[in-house]
Structures are given as C-alpha cells and as structure tokens.
Amino acid sequence: MQQQINAVWEQLSRELAAASDTAGLEQIRVAYLGKKGQITGLLKGLQKVSVEEKKTLGQLINQLKRRAEESIVQTQERLAAEELERKVLSAEKYDVSLPSAEKKGSYHPITLVQRDLEDIFHSMGFNVEDFSEIVDDFACFESLNIPKHHPARDMQDTYYLENGQLLKTHTSAAQNSIMRKYGAPLRAIFPGRCFRNESIDACHENTFFQMEGMMIDEDISISNLIYFMKTMLSEVFQRDVSVRLRPGFFPFVEPGFELDVNCQICGGSGCPSCKHSGWLELCPCGMIHPNVLRYGGIDTDKYTGFAFGLGLTRLAMMKYGISDIRDFNSGSLKSLSQFSAK
Ligand code: PHE
C-alpha cells in the first residue's frame, strides 16, 4: 500500500504541474480528493488492513491528503497569476503601425513662443533658468531696489499668502537668486508665470507670462541690449524688425527704457492694434541698477549689465494675432489647439 501511496503522489504531482486552467484543476481535485477520488479510496482501503498497519498507513495517507490539498492551493495560485498575466498582455497588444484613433494634442501658444525664445537665446550663450512662482518680499521687491512703501509697488499688487510670501508679480523676482547662483559674468533668461491683481479685460489678466533676461559682464552697454533685442525679435517674427527705445522708469534699472517694436500687424503705417502710432510696446528693459548688482553680490566696479522683461503673453498675442488675452487661460481647445511649432 505504501508503494501505492507514493505512486498516487507522483501521479498527482505530474498532473498538477501540467494543469493549465482552473477547470482542469478542479477535475484533478475531484479525481483525488472527491468522494470517489484516489486518496479517498486509499483511506477507505484502510478498513482492510491490520490494526498495526492502520496506524502507520493512516498517518501516511493523511500526510498525502494534506500535501495534495496544499499543492492544489498552490497550483490554483499559479493559475490565477498566469491568467492575470495573459489578460494584461492581451490588453497591451497594439499595432504600432496603425494610425492613432485619438486626435493629436497641441502645444499652448505661450509654450511655442517660449521654446522659440529659449532656442534663440541658448544659441547666443544664455542659460535657461527655472524659478518658483511663490517668492518672498525680498526677491520680488527689496532686492530690486523697491523698498517698502515705494510707490512702484502700487502697480504690482499681488496675492499674498498668510506666511507673508507672495505670488511673483514679475520675473525680475529671480534676478537676485540667479546673480547669487552664478556670479559674474552671466547670461541667463528665465521665463515664468506672473500674477497681479488686475481688473480683467481683453488686454489684462491676473495670470500672464514674462521672460526675463540678464547679461552681466565687463563693458556691457545699452548697445548690447539693443543688439540682443533686435536679433531676438527678428528671429521670433522671422523678418527684420525695427525697434526704438523710450525712457521708462523701473527702480531696478538705470537708465530704464520701454522698447517698442514696429507694429507687426500694419508694418508701422498705423492701425487700431498700435493705436495708429506704428509702434507696439513690448519689452521694458535697462541697465541693471548698481544697488541691485550689489544685492546680488556682484562687483560694481568691474561689471555692468542689462536686464529686460519681455511680455511672453503679449508676444504670443502679436505673433499669432490673438486679440483677447483671456483666450490663453480659457482652456478652450477650439482656440488653443490651432497653433503648431514652426
Ligand atoms: N519687471 C518689470 C515689469 O514687469 C519689467 C522689467 C524687467 C523692466 C527688467 C526693466 C528690466 O514691469
């Protein structure tokens, strides 16, 4: 009988190893442990053996029964895992050569303009820097020569957090930390989202994008500033553009300017977009104020620099002929998905 027990175990093990689905496994279970199953049969057979044999054989058969039950459970787990894998694999099956059923996504017009500008400035040796949207008063104002109670703050009211931090009102807020990070000489641009407490209309939004640029080195002058601005704008508009500088006041530059570009809609002859002046105000800029350089740890006897704050949102409006600034944050795919990289 002992031989029989071993043979049953071997046969069961083989069958379990070969089982490939749960229905088959159930059949095996019934064939061994069911009422008329082989192991149940062995137990019944005990009635025919002597009392001494009954003890040892009984033990062996019960052991076999336990092992059989455990092995069946293990096989059940294996089959469940295999079935899951089959399901996942079949779900993942796809034909890469088929055209996509989904409509392709598109980039936001501001992303497109930003990437264009990053490429242009990168090719002129500028680093592209990232900066947070939540800053402190020092970064946004104090380090830029705008002390508390300075009237220049009036134009840049923003959203304050309870801990005294604020949503940055201009990308200039990164100037100080970038000066401290790299020291001089330095060429960097830093695009970013800015926030102001504005009454919203077709030209004003509480959330908009700027791109700040800074170049600090020995002998940097306004001519360098004009050169870089002109090169950049000609690349963006893919044509030669004219620029002009008008005086502008910003506490962190001296002298400060408003840089205008000839209206890209009428070419300079005058139209409603440029209020018939032929010029569009695009980029405030100037030579970095020595106080700001000093706050940034730069030696003002040796270095000078320029900074500009390009209105990315305005540039995108001009480039793509978007007349309402609110379209940018509207989330309307109908208006936002029609632009593509050049
Ligand atoms: N940060 C200024 C603004 O948003 C623009 C600016 C940047 C002016 C750099 C001069 C130099 O109004």
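Whatever order the structure lists ligands and atoms in, that order sets their numbers, starting from 1.
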* Working for ring-ring contact (aromatic ring centres under 6.0 Å, His included), residues Tyr107 and Tyr320 -> CA-CA 13 Å; Tyr107 286 112; Tyr320 295 113; over 10 Å; no

* Are Lys319 and Asp116 close enough for a salt bridge, meaning some N to O gap below 4.0 Å? -> yes

* Structure fact -> Per the under 4.0 Å non-hydrogen criterion, ligand 1 touches Gln156, His170, Ser172, Arg196, Gln210, Glu212, Phe250, Phe252, Val253, Pro284, Cys285, Ala307, Phe308, Gly309

* Asked: What pairs of residues pass the ring-ring contact (aromatic ring centres under 6.0 Å, His included) test when at least one of them lies in residues 140-193, not counting sequence neighbours?
  -> His170-Phe252

* Would Phe308 and Phe228 count as a close aromatic pair, with their ring centres under 6.0 Å? -> no

* Asked: Below 4.0 angstrom, N of the basic side chain to O of the carboxylate: do Asp260 and Arg246 qualify?
  -> yes

* Asked: Using 4.0 Å as the upper bound for N to carboxylate O, is an ion pair formed by Asp137 and Lys148?
  -> yes

